[in-house]
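Have a look at the structure below, then the notes.
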Amino acid sequence: DVTLPTVTAQDGIITCDNPTVILTADWTPANAVVQWTGPCLIPGFPPLASCAGIYTVVVTNPDNGCSSSTTALIVEVVVLPNFDFPPPAL
């Protein structure tokens, strides 16, 4: 059996209010071994991303050793505060 596992991953957005993104993916078979990599990966279940970048998930079928991979793009959106300064007094 040389059937490749299937895997899809979801992109995400980091903001000031949400400084980390939960890395999510769907895969088959259900008993696959899943490994995430990326520039600011916080390992765990679920894994987190704490900076923008491309995160890769590799899924390996333990029954035949075949692997598939895909990526999730995490972007950072920073909105700078708007300051309104009055003119200086003369």
With sequence neighbours left out, what residues match N31 under side-chain contact (heavy atoms from CB on, under 4.5 Å)? P29, P62, D63
When you compare the side chain of V57 with that of V34, does any pair of heavy atoms fall below 4.5 Å? yes
Could you give the distance from CD (Q35) to OG (S67), rounded to the nearest 0.5 Å? 11.0 Å
I14 and P19 have their tightest heavy-atom pair at CG2-O, 3.7 Å
Nearest-0.5 Å distance, SG of residue C16 to CD of residue E76: 7.5 Å
Indicate yes or no for a side-chain donor-acceptor contact from S68 to the backbone of L4 under 3.5 Å, with no hydrogens or angles considered. no
Give me each pair satisfying disulfide bond (SG atoms under 2.5 Å apart) with a member in residues 52-85, each pair once, sequence neighbours excluded. none
Fellow cluster residues of F85, listed by chain then number, with links counted only when side-chain atoms sit under 4.5 Å apart: F83
Residues forming a side-chain contact (heavy atoms from CB on, under 4.5 Å) with L23, sequence neighbours excluded: W36, L41, P47, A49, Y55, I74
Heavy-atom closest pair (A9 atom, T71 atom, distance to 0.1 Å) is CB-O, 3.9 Å
Output yes when a side-chain donor or acceptor of N64 lies under 3.5 Å from a complementary backbone atom of D1, and no otherwise. yes
Measure the spacing between CD1 of I42 and CG of L48 and express it to the nearest 0.5 Å. 5.0 Å
So do V21 and I13 actually touch side chain to side chain, heavy atoms under 4.5 Å? no
Please enumerate all residues that pass side-chain contact (heavy atoms from CB on, under 4.5 Å) together with T28, with sequence neighbours excluded. T6
Find the distance between CG (D26) and CD (Q10) and round it off to the nearest 0.5 Å. 5.0 Å
With sequence neighbours excluded, what pairs up with D11 under the side-chain contact (heavy atoms from CB on, under 4.5 Å) test? A72, L73
Test side chain to side chain contact (heavy atoms under 4.5 Å, CB included) applied to T8 and T70, step by step: CA-CA 6 Å; T8 58; T70 192; 5.5 Å; no
